[in-house]
Every structure is written in C-alpha cells, then in structure tokens.
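Bear in mind that the values here come from a model prediction, so they are computed numbers and not experimental data. To find a chain, count down the sequence lines: A is the first, B the second, and so on, and within it residues start at 1.
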Protein chains: 2
Amino acid sequence: MNPRERRAARHRPPDPEGEPAPRPRRTAPITVDQVVDSALGLVAAEGYEALTMRRLAGALDTGPASLYAHVVNKADLDELLIGRLCAELVLPEPDPAAWREQVRGVCDQLRDQYLRYPGISRAGLAMVPTDLEIVRVSEGMLAILLGGGVAPQDAAWAVDALLLYVAAYCLETAIARQRSTDDDAAWVLDRDELRRRFTALPAATFPHTTRHAAELTAGEGHDRFDFTVGLMVDGLAHG
Amino acid sequence: MNPRERRAARHRPPDPEGEPAPRPRRTAPITVDQVVDSALGLVAAEGYEALTMRRLAGALDTGPASLYAHVVNKADLDELLIGRLCAELVLPEPDPAAWREQVRGVCDQLRDQYLRYPGISRAGLAMVPTDLEIVRVSEGMLAILLGGGVAPQDAAWAVDALLLYVAAYCLETAIARQRSTDDDAAWVLDRDELRRRFTALPAATFPHTTRHAAELTAGEGHDRFDFTVGLMVDGLAHG
DNA sequence: AGCTTGACTCGAACGTCGTTCGTCTATAGA
DNA sequence: TCTATAGACGAACGACGTTCGAGTCAAGCT
C-alpha cells in the first residue's frame, strides 16, 4: 500500500471489520508500530535531534529508503509520535467540583510525557490543532472546563493556550538540559551560575534583575510550570 | 580577530573609547552588522527556514566559509538576530497606574517583532534567559510588574512565562502561515476548513468539540493572543 | 499449476545542509 | 621595506531528507 494512502487510512474512522491478520512474510516485515516504537526509543535515549531517518533505519537494521514504505515524511513520522504520545494520556471524567485540579492533572501528564522524550515537543508545537489524538486531549480538557462552568469561548481558547504553553515549556527545558550535557561544561547554566551572572550585571542599567536575581532563578522542579498553569486556571475561575 | 573572541567581546561591557573607525579595505570588508542585516532581510522575505549559511553568504556575494570569520556558529548568528530584534523594543517608564496595559504593550511589541521575521521565534525559544538584550527586555517587564505591586516572586516567574508564551504563539502562527503558502492548497487549514473538520468529527466521541467548533476556531487577528496574555496579567492582579 | 499483481525491501544516488581546512591577499605596524 | 596577521574564499567532509529503480516475495486469479 502506498504510504500516502496509509496516512489517509490512519485518519479515517477505524474499519469496523477487524484487520485481516498481519500478513506473514518470510523475513518479518516492518510495521508502522515497530517504526514508531524504535523512534520513540531513540528519542527517549538520545533526544529528538538524534531522530534521523538514517539512524532510525539503522535501529531497524535496514536502509533509510525502507522507511518510506511506511511513512510519508519525517513530518508524518512526527505526527505518529505525537499521536502515540497523546494516546497514552488518561482523561478523567469531568468533575465540576474539582475541575481545576483535573485540568492541572492533564497538563502535568502531558508535560511528563513530553519530557520523557526530550525535544519531541518541538513536533507537538507544529500541530496543535491538527492531529486526531491531540483533538482527543483537547476534547477532554474542554469537557473538564465546560463542566467547571467556564464560558465556552474562554474554555476553547484556554485549551489552546494551555497546550501551547506546555509544549513550549517542555521544549525549553529540553534545550536547557541538552546544553548542560553535550557542551563541554562551558554552558553550565545551572541555577547558581545563572544567578551569579544576574548579580554580576551592572546594577545601574539592570537594577531589578540584580536585586531579584534570587527570585528570577528560583524554582525547584516544576514550580515555574505549576505557577504559570495556576495563573491561567485561576484567571479562568475569576473571569 | 578570532570569531570566538569577537563573540566574547560582544558580551563584554562596551569599550568606553569609541571604535577606531571601521578599517577600510580595498574590497569593502564584511561586517557583523552587514551579516545581521542580510540575515534579517532574508528571514523577513522568505522565513527563518530559508536562513541558510549558504544563502546568506550568497546574499553577501561570497561563499559560506567567509561568514565564519564573523560568526562562530549558526546558533551564534541566531543569538545576534534575537539581540538585534530585542534591541528595537521600546520599554516604557513604569507607571503603577497602568502596569497592565504596559505589560501587554511590551508583549504586543515583541509579538509584532517576532512575526515580522516569521519563524525566528524558534531561535528566541532556545535562549530565553541567555542573551543580554533579552535580559534588557526582561528587566523592563520586571520593572513594570514590580511597579504595579506584583510580588517579586510572581513577577519574576510571570516575566518568564510571558516571554515563553509570546515566542510559542509566534512560532505556531508562523508555521501555520507557512503551511498555507508552500503546500499546494492541500493544507488549506483556514478557519472555515478547520471548523468544518471539527463538526465532521463523530459527535459520540467528541461531543464538546463538535458542539463548540465555532468557539474553538473563533478569533480574528490576535484575539487568542490577547486572551491568553490577559489571563496571565489578570491572574497576577488577583493574586 | 502457472501467471499476474502489487506490497515491500533496499543499494545507490541527488541535492542541501553546517562546518573546517589550507591557501591566498592585502593591510597595519615595525 | 619587510613581516605578521586578519580576513576572504575554493574545496572538501560528513550527515541530512528524499527519490529512483531494480529486485523479492506472498496473495489472488484463471
């Protein structure tokens, strides 16, 4: 089957009759799932930038051309990865009394999933409203917000804003982590170093940055993430 | 001079004695400013993905190797571009009575600047706390927030969150615009098409998405942007 | 049973990318 | 005038995404 047809078939509602058994082959044929699995493994181990058609093909003991029988593009592969990633999120049944916690829970799940595969959120940014599995997540968040009494227009835009922020946050931290590993200890921008840098700035032109260097560099773990998501959620509540 | 030294010199406080006149050459030598100018022109005309060392060199009537006398890396070039871009922002004197409008104004400026050079926010995402010119913008926003009475910790994190969101928003819209141009009318995801897609989804599994397709696809211009920034700013005010 | 069809594999290649090396030129300082 | 050096640049390297075309096999038809 042509990979373009395959891609189209993926977006069609699933055929009611079960798939007619995975056709056996002498040398076991490569499947799309195998490709996605290997790709995710590669990203988890070495980051998204290491996900190359050539390296992926190598992980499957074949050449790069073989992949194009199962995947249209690298963009198509990205879409598959994000789809798989979103499919693993569990969306709670909306509880009007706990909608804030539920929204934050979904965001946390998505954040953790993105960070498990460092840098993959770059692909997620590119297709926020496109992929079907993302629509599923979007639907789940929308349900929670609407259940919580948020006005439909606010809820719709908030879902978009939250998904965008989560992807951006994860992309930023992935870049920061990568810099601290591959660059030879020259980019060591851990918090202490960054804070020292801020305080070393000329206080005349950067008075607030130097004075509040502590606050600017504060935040263990995902405190900054929690703060921002909380800001948006609380804003929705007061709206 | 070695380009690494040049880069280091850029991050040092400017030499009090003025530069000793741009040394003349027979064939006028390339300067860093020329490189940045050409690069920005290229990005403005054809988008960030068209910014290639080779194409940039071509625009300067030379080969790619010549650029490396003035720039360490493509990453270094990105840093220069973002710096130039941020340097053009005008930061208002903090007015405690109008801090919300002032913050939004700075965000709008940054948004417009990013969108003038489509896709360049990808580079901006990678160095939110790094570059000196970004620190200048950060300082300006911090001053406005502190002047408005926002608690220092909230202000510091909010600056970070806002800069991140603005960059992500601009990156997303740049990708969307590019898709609508270079793909041959197959990716026509204008709002009507997107809305039609949402309503065509199976209502059983996506009840809210189909019912509120109008809200999900609503928003002229930067309404979505204004909504999200307003959400964060109002959240700060109520905190 | 033989043949056709079509999905799949894969070696080889194309064009592009960022970057480096070595060489050359022409100026600045002695 | 001589020399040291900053800068320009042709050529090349390795890696990237992608395409082409020949080959290989299983399934379906006659």
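Comment: R136(A) engages E133(A) in a salt bridge, judged by a side-chain N to carboxylate O separation of less than 4.0 angstrom. Using a 4.0 Å cut-off between charged nitrogen and carboxylate oxygen, D37(B) and R84(B) count as a salt-bridge pair.
Using a 4.0 Å cutoff on non-hydrogen atoms, the parts of residues 57-71 of chain A near DNA chain D are P64(A), A65(A), Y68(A), ordered by number.
Rounded to a whole Å, the CD1 atom of I30(A) is 15 Å from the P atom of dC25(D). Here the P atom of nucleotide dG18(C) and the CD atom of E49(A) are 15 Å apart, to the nearest Å. One can place CD of E5(A) at 10 Å from P of dC8(C), the figure rounded to the nearest angstrom. Nucleotide dA15(D) holds its C1' atom 12 Å from the CZ atom of R54(B), rounded to whole Å. Atom CE of M53(A) is separated from atom C1' of dT19(D) by 12 Å (rounded to the nearest Å). With rounding to whole Å, K74(B) atom NZ is found 17 Å from dC16(D) atom P. Between the CZ atom of R55(B) and the P atom of dG15(C) there is a distance of 18 Å, given to the nearest Å.
In this structure, CG in L85(B) is found 8.0 Å from CZ in R116(B), a value given to the nearest 0.5 Å.
Remark: A213(B) engages R195(B), F198(B), T199(B) in a side-chain contact (heavy atoms from CB on, under 4.5 Å) (not counting sequence neighbours). Partners of Y169(B) under the ring pair (Phe, Tyr, Trp, His ring centres under 6.0 Å) rule, at least two apart in sequence or in another chain, are H222(B), F225(B).
Neither OP1 nor OP2 of dG18(C) sits under 4.0 Å from any side-chain N or O of N73(B).
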Side chain to side chain donor-acceptor pair (under 3.5 Å) between D160(B) and Y165(B), worked out: CA-CA 9 Å; D160(B) 194 78; Y165(B) 174 76; over 6 Å; no

